[in-house]
*Asks:* 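The structure's right below; bear with me while I get my questions together.
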Amino acid sequence: MIPPVVLSPESHHAVLDMCAAPGSKTSQLLEIISNIPQGETEPTGYVVANDSDAKRAYMLVHQLRRLNSPATFVTAKDAQFWPMLLRGKNIKDEERAQEGIFDRVLCDVPCTGDGTARKNPGIWKHWTASAGHSIHPLQLSIALNGARLTKVGGYMCYSTCSMNPIENEAVVAEILRTTDGSLKLVDRRPDMPGIVARPGWSNWKVLGESLSKKQLRNKAKKNSAKMKKRRKDWEDRQKLENGEKNDQMELDENGVAEQVEEENGEKNDDLQENVTDVEDECESEQQSWDEEVLVQRAVDQGLVEYKTFDDVPKDSTHHIRKSCFPPTPEEAAEFKFERCLRVLPHDLDTGGFFVALFKKVCPLSNRARRKAEELAESVSKRMDTPTNEAIKNDDSENVSDDGVTVGMELEDIARDTEVGKKQSLKKRDSCDIDKAESFVAVDEDVLPPLIDFYGFTDQFAKGQFMARAGGQSKLLYFITKSVKQNLIDRGIQDRIHVINSGLRAFERRNKDDCLVNYRPCQESIHFVGPHMTKRKFIVSSEDFKRCLKYGAIPCDSFSEPLCSQMKALSLGAFVVALVGYEDDITKKMYLVMWKCRGDNINCLVNKLDMVAFHNKLDVLAEKECGGSNDSLARGAVATIREKCSIQ
């Protein structure tokens with residue numbers, strides 16, 4: 001997608017995705033961050049994926065697990081209140097001067113989603129002008145907090161899948177106005193030659209609704225052709241009952257037939273006139289794009305235009321804010337809205353996106369930080385105390401199309417999109433934290449037997465293995481050095497609900513005959529295996545392929561001396577690495593095996609991973625024989641089909 005490309009992170013960067021679920025953009029960011037620099041044994045950067053809803057955050061973990069990267073840190077927190085970490089006695093002055101801790105921040109905020117109308121046309125059925133006004137403060141609050149969390153010299157990307165300027169340029173203008181020179185818009189078009197994007201707007205109209213949604217529905221029903229016909233029939237019946245037409249009616253059958261035929265002819269003429277009027281109206285709407293005609297069409301649909309904030313009725317000022325209005329000509333020239341990207345669906349055959357990239361050139365002022373906090377508190381109070389008239393009168397509808405909620409007030413939008421929990425501000429921080437899921441240091445008596453049993457070297461990162469506080473060390477997780485130092489050691493778990501981080505490294509197996517109770521996990525063995533000096537075998541491709549079988553595998557099926565070495569092993573886990581790739585972490589050519597009783601072994605790899613390993617081996621074999629890229633691709637597809645058919 002376009003926002004991660006515009007943000008353009010590098011592998012050593014700290015990245016925050018404030019509204020990450022369901023995870024497509026986060027996956028793009030993680031693919032870049034997961035690249036291991038030359039000379040390193042793990043990723044040096046990390047991605048913090050946040051979502052306000054814990055259930056959606058757990059779905060996010062499932063999505064990101066496909067990339068098999070330890071450089072992730074998944075949290076569940078209202079994006080408006082994601083905390084600052086550069087506070088406390090142990091923070092250096094140069095770190096505090098940077099204000100934030102993230103090199104890149106993605107604010108892909110909740111929106112009305114009208115940019116997705118191409119794949120979801122039904123969204124227009126429920127579109128209202130009030131939806132953009134309702135969600136505008138929430139979008140602004142998230143973006144301002146994102147600006148605080150960005151390092152000086154770092155970049156923040158604000159994006160929506162809406163084309164509404166109230167959700168886009170109005171938010172950008174208020175961000176620049178509030179930060180007072182701390183943020184500058186950056187144009188990424190020169191670095192993206194294939195992009196087709198329109199410039200941002202510097203002027204737009206602010207429309208409100210003169211009638212409620214329920215009143216508009218009733219008005220449309222009254223003026224429909226069906227209701228007009230019913231009213232006419234009722235009027236005719238009333239005239240007949242009052243005797244006004246008795247003198248005109250003939251008693252013979254021919255007269256009655258003539259009258260019925262005459263009435264039917266009049267109805268058909270009226271119907272034809274209505275059809276002609278509708279056709280003429282549609283034709284005029286399609287051909288005329290004159291501003292006055294468009295404004296009149298908006299008025300006919302129940303909308304009203306406000307030229308300035310002073311024109312907004314007092315009972316609507318909480319809904320239509322001053323920040324929704326266009327900037328002054330002086331501000332527009334200073335802000336440079338043309339650097340924003342408006343990606344229309346028909347330009348690139350994609351969905352609609354609005355993207356604005358900010359560079360943080362200096363820390364935010366105290367006034368800007370105070371205003372951001374006040375805005376977040378006011379938005380939170382509105383969500384906690386639903387009082388607007390639309391909810392009381394049941395004038396808004398809860399309609400969710402493709403994960404986007406439209407036509408609702410801010411309380412309902414927040415509940416179904418990004419902020420979904422009805423909590424008071426005082427309880428918000430404490431309710432979000434689940435201490436049982438926090439990562440803690442492994443017990444002192446756990447690692448020494450593992451180090452001795454598997455023969456880990458001195459370079460083995462002992463301090464980067466952690467366990468869940470409530471899990472009784474059933475699973476040990478491998479946490480990257482950057483995540484541990486920059487997040488966990490700074491006390492983030494005391495201020496936020498941590499969902500997941502790192503990769504599962506060791507799993508406890510209570511076997512009485514085993515010398516240790518833990519075995520390595522396949523998903524992180526490429527980080528653990530290079531440090532092992534015991535119970536690790538470097539094998540040929542033929543023996544490696546023999547390991548990729550289900551059930552018990554006889555040791556006699558392997559070549560010597562591997563067969564004898566396997567038989568000599570005690571009960572427990574061991575590791576097999578492909579020769580030539582034992583030190584290559586990126587290729588991940590490691591297998592976790594299990595020595596059974598007797599002379600059999602088991603492969604502790606799931607079926608999908610086995611298919612992937614077979615595919616890798618075939619591609620590597622063809623590559624060694626000098627196969628072309630096309631033949632390699634065909635061989636990979638054939639291998640996948642063959643293995644899947646076998647299963």
Side-chain angles (χ1 to χ4, degrees), residues 112 114 117 120-131 133-134 207-290 292-306 313 315-316 319 388-401 405-409 412:
T112 55
D114 54 57
N120 184 21
I123 199 170
W124 288 117
K125 181 180 179 181
H126 308 286
W127 185 91
T128 62
S130 63
H133 297 297
S134 298
L207 300 176
E209 294 176 346
S210 58
L211 301 176
S212 67
K213 195 172 183 181
K214 188 174 182 180
Q215 291 172 328
L216 288 173
R217 284 199 305 267
N218 292 337
K219 182 180 178 181
K221 287 181 180 179
K222 289 179 181 179
N223 294 327
S224 65
K226 185 177 181 180
M227 292 301 297
K228 287 181 179 179
K229 182 178 180 302
R230 286 184 177 179
R231 283 198 296 269
K232 190 175 185 306
D233 292 344
W234 182 83
E235 291 174 357
D236 291 343
R237 286 196 302 270
Q238 290 295 316
K239 289 179 181 180
L240 288 173
E241 291 175 1
N242 294 333
E244 294 179 5
K245 286 192 174 183
N246 288 341
D247 296 336
Q248 299 178 7
M249 294 181 63
E250 299 181 8
L251 299 178
D252 56 77
E253 294 180 358
N254 294 333
V256 173
E258 290 176 359
Q259 182 182 1
V260 171
E261 183 178 353
E262 181 180 352
E263 290 178 355
N264 290 337
E266 291 177 356
K267 292 181 180 179
N268 291 334
D269 292 341
D270 293 341
L271 182 60
Q272 183 63 34
E273 290 178 1
N274 291 337
V275 172
T276 304
D277 293 341
V278 171
E279 290 178 350
D280 294 340
E281 183 180 355
C282 293
E283 183 178 358
S284 63
E285 289 181 357
Q286 292 176 357
Q287 295 180 353
S288 177
W289 287 97
D290 183 72
E292 295 182 359
V293 175
L294 295 176
V295 171
Q296 186 58 45
R297 284 167 57 187
V299 172
D300 294 341
Q301 294 297 320
L303 300 177
V304 58
E305 180 184 0
Y306 300 115
D315 58 350
S316 298
H319 183 63
N388 65 67
E389 297 179 0
I391 292 180
K392 291 181 180 179
N393 298 330
D394 194 25
D395 290 342
S396 60
E397 295 182 350
N398 296 345
V399 180
S400 179
D401 294 320
T405 308
V406 291
M408 300 186 296
E409 291 302 312
D412 295 330

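All figures in this text were calculated on a predicted structure; none of them were measured in a lab. Numbering of residues begins at 1 and proceeds along the displayed sequence.
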*Asks:* Does the side chain of Glu209 come within less than 4.5 Å of Val304's, by heavy atoms?
*Replies:* no

*Asks:* Rounded to the nearest 0.5 Å, what's the gap from CG on Asp290 to CZ on Arg297? Could you check?
*Replies:* 11.0 Å

*Asks:* Rounded to the nearest 0.5 Å, how far does NZ of Lys232 lie from NZ of Lys228?
*Replies:* 13.0 Å

*Asks:* Between Leu207 and Leu303, which heavy-atom pair has the shortest distance, and what is it?
*Replies:* CD1-CD1, 4.0 Å

*Asks:* Quick check for you: to the nearest 0.5 Å, what is the distance between Asn120 atom CG and Asp114 atom CG?
*Replies:* 11.0 Å

*Asks:* Would you call Asp233 and Arg237 a salt bridge, using N to O less than 4.0 angstrom?
*Replies:* no

